[in-house]
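Please read the structure below before turning to the comments.
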Amino acid sequence: MRQNNSITQEHTRRSKAKADGENAFKVRLSIRTALGDNAYAWDTNEEYLFKAMVAFSMRKVPNRETTEISHVLVCNVTQRVSFWFVVTDPLKNHTLPAVEVQTAIRMNRNRINGAFFLNDQTLEFLKIPSTLAPPTDPSVPIWIIIFGVIFCIVIVAVMLLILSGIRQRRRMSKGPTEVDDSEDKCENTITIENGIPCDPLDTKGGHINDAFMTEDERLTPL
Amino acid sequence: MEKARPLWANPLQFVFACISYAVGLGNVWRFPYLCQMYGGGSFLVPYIIMLVVEGMPLLYLELAVGQRMRQGSIGAWRTISPYLGGVGLPVGGRNFGQPLATVSSAQPSRLQPGLASVVVSFFLSTYYNIINAWAFWYLFHSFQDPLPWSVCPLNSNRTGYDEECEKASSTQYFWYRKTLNISPSIQDSGGVQWEQGLCLLLAWLVVYLCILRGTESTGKVVYFTALLPYCVLIIYLVRGLTLHGATNGLAYMFTPKLEQLANPKAWINAATQIFFSLGLGFGSLIAFASYNQPSTDCQKHAIIVSLINSSTSIFASVVTFSIYGFKATFNYESCLNKVILLLTNSFDLEDGFLTASNLEQVKGYLASAFPGKYSEVLPQIRNCSLESELATAVQGTGLSFIVYTEAIKNMAASQLWSVLYFFMLLMLGIGSMLGNTAAILTPLTDSKVISSHLPKEAISGLVCLVNCVIGLVFTMEAGNYWFDIFNDYAATLPLLLIVLVEIVAVCYVFGLRRFESDLKAMTGRTLNWYWKAMWAGVSPLLIISLFVFYLSDYILTGTLQYQAWDASQGQLVTKDYPLYALAIIGLLVASSTMCIPLVALGTFIVRCLKRGDTPPVA
């Protein structure tokens, strides 16, 4: 009797898990695309893990804390790897509404992905859209910061060049009067080099530079 | 006593200034396009022939004129053009035989090409700096992870991507929507975009910083603007050649399609490319050469600069085509991957079973084994072709800001490559801007009237300010359409006319023999017969034929059209220019071309009146 009961139970459960059932979801995994050479083979143990993750997600929903792994049914596993799953409620003998399952999976999508080393694109739940990550908008756009830095540098450089140009021009306009002063000073001071006074060459009328031997002494006069 | 003219600190600065001016954005984004359109490797044949026949002689002429006259373009041509009706008529008495004679400004003369060059340079500098502003914008945005043009932004309820971005691509979206915020047509002007306005302001400040002190500051800046682009190009060459799929692009480009040699358009485009790439006729080269020592060997410099300019074009196209090859291969492979995924999902095949190599076989098998299902899936399968990806030839801003950014976003360490690339664009653009502003400023600072009232810094500042304010037009929503107008019409036809008048003035009005003896006195070298033959005969004929071609092209195409961005379809559509835009185009072309005959007419009238007042000297 008991055996008959369990067999009929199994039959009813299997019939609820048929593909395209109203509350069934198709799942598609692309393990080789995601992991390449480190890809693991999909076997019944992985299926067991999957059922456990779905049961875990359902347990987080209020009123569904008693969901067991055996309540999750998987069928039509293909080579792809893809399969259909459905969550049943054995007390009331029906499948849980799709909306509840969808919400539960969406809330725990990251955990499910992480258990299989996959992401939203390689572990697809076909009727459950993934939430796109919101854009991270910093309070001040980065480009304005860099713009501000370069702008300030350029303005400072322009100011410096303009100011040095103005200063140079002022020095040039004072220049001619200063040059006259220094020429007078030159006439007063006599620089001494090697003990011999060197006079600046100017129009004072022929100074003899004692540093040079005069030609008259070396050559015999004519 | 006349204040000594500022000089380049050494001849190398002059060469770098010319290279920095001539090697500009056109080498990077126009030459590769022409190469691709007109037969790949075989385009090099008309290109090199035109370089030798047209580029070198005209460049040598401009440098020689500038060096000989030692004035900006207005003064130089004022010196060259003699009186109507013969030499030797008095009123001031100016002897053209004397080398390096200073011109007395009381002398009225025909300004001829000088003023036209300045007007064209003014138009050019107004719109050219907006490219630098765009380069700054992209440069500042390159410091983010991920690059803003690599992902589409989300739509308002976060369920998917923005619609315009889905239809176009993320790089196109960033360019047309985020950068330009382009309007659907030229009539909807929209407002000034403050972000672009700021970047334009920064670009003009940088240009002002470089030209502030005249040759003193420009001479130092050109070391950077001439050399840095080459550094970046070499880095890109090494990276580009090691990219996956680069060889596809290179093979596609360099396979010569010899039948294109018979196409006259290939020759015409080679001639125009050489002509505009060297920047002849703007007066910038005359301005640069006027700051030379008179004994500088400008023949050697002309040959060096033109050779470097052309080899840079070829070098840049090698880089561009390896990047093209990478992008095309990447797109081709993603297309294939999409098809593979589609088939794998529809038929629940094992993941990883379908690859690019067995795709066709498996498709055949599936078509025979599951015909019903296959015919359902068939419309969604795209035909992926590497050739069609490679054949998308783009030029201009589209190449740099859309195609290159698309390739860069797929490279590893894309921020680094992006920063390098836009920094190089900036260097190229600023180098060309230095030449443009020099062409405007040198005549202004040479003129005694203006330079006695205002110092050099103030004149430069005023010019930059005026150009910046006018340039704000190009930051409006319809600004890119106006940019295209200026780019296509402001500096094409008038330049040809200016250079034609230049050659004719030097060879026939001033006299080729007199110019030859002046050059010999100045540099100490005799003029080779080759230059004389080119100046007197071949180059003018070439320019006339180019001019005729351009005119006939404009007349035959009838109404002018432009490409407008349609946000709803996510692609460009062709529209007609409204009447006032056509009027502005006509005004642009006319205002610079008419300078030549109008000023000639004006001075002729003035001279006639003067002749009537003063009796001729015996």
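Please read these numbers as outputs of a predicted model, since none were measured by experiment.
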Can you see which heavy atom on A:Trp143 is nearest to which on B:Cys199, and at what distance? CZ3-SG, 4.3 Å

Does A:Arg169, at its CZ atom, have more than 12 non-hydrogen atoms belonging to other residues, nucleotides or ligands within less than 6.0 Å? yes

Answer key: most heavy-atom pairs under 4.5 Å with chain A among B:Leu202, B:Val151, B:Val206 is B:Leu202

Can you tell which part of A:Ile166 gets under 4.5 Å to a heavy atom of chain B, answering side chain, backbone, both or neither? neither

Please examine the side chains of A:Ser164 and B:Arg213, heavy atoms only from C-beta on, and report whether any two atoms are closer than 4.5 Å. yes

Is A:Asp43 atom CG crowded by more than 12 heavy atoms from other residues, nucleotides or ligands, each under 6.0 Å away? yes

So, the part of A:Thr33 with a heavy atom under 4.5 Å from chain B: the answer is both

What part of B:Tyr208 gets within 4.5 angstrom of chain A, counting heavy atoms only: side chain, backbone, both, or neither? side chain

Could you give the distance from CD (B:Glu350) to CD1 (A:Ile31), rounded to the nearest 0.5 Å? 10.0 Å

Report yes if some heavy atom in the side chain of B:Thr344 is under 4.5 Å from a heavy atom in the side chain of A:Arg80; otherwise report no. yes

Applying a strict 4.5 Å limit to non-hydrogen atoms, the region of A:Ile144 in contact with chain B is side chain

Flag if over 12 foreign heavy atoms under 6.0 Å of CZ, B:Phe353: no

What one should report as the nearest heavy-atom pair of B:Asp348 and A:Lys26 is OD2-NZ, 3.6 Å

CZ of B:Phe224: more than 12 outside heavy atoms within 6.0 angstrom? no

Pick one of side chain, backbone, both or neither for B:Leu139, based on which atoms fall under 4.5 Å of a heavy atom in chain A. neither

Is A:Phe56 atom CZ crowded by more than 12 heavy atoms from other residues, nucleotides or ligands, each under 6.0 Å away? yes

For residues A:Ile150 and B:Phe140, determine if any side-chain heavy atom of one lies less than 4.5 Å from a side-chain heavy atom of the other. yes

Which bit of B:Leu212 comes within less than 4.5 Å of chain A, counting heavy atoms only: side chain, backbone, both or neither? side chain

Gap between atom CG of B:Leu341 and atom OG of A:Ser30 - 0.5 Å precision: 6.5 Å

With rounding to the nearest 0.5 angstrom, report the CD1 to OG distance, A:Ile142 to B:Ser142. 11.0 Å

Any side-chain heavy atom of A:Phe151 within less than 4.5 Å of one from B:Leu201? yes

Please classify the contact of A:Thr78 with chain B as side chain, backbone, both or neither, using a heavy-atom distance under 4.5 Å. side chain

Given that the side chain runs from C-beta out, which part of B:Glu457 has a heavy atom under 4.5 Å from chain A: side chain, backbone, both or neither? side chain

Report, as yes or no, whether the 6.0 Å neighbourhood of atom CD on B:Gln361 holds more than 12 heavy atoms from other residues, nucleotides or ligands. no

Around atom CZ of A:Phe117, are there more than 12 heavy atoms of other residues, nucleotides or ligands at under 6.0 Å? no

Of A:Ile153, A:Leu160, A:Leu161, A:Ile155, the one forming a side chain to side chain contact (heavy atoms under 4.5 Å, CB included) with B:Leu209 is A:Leu161

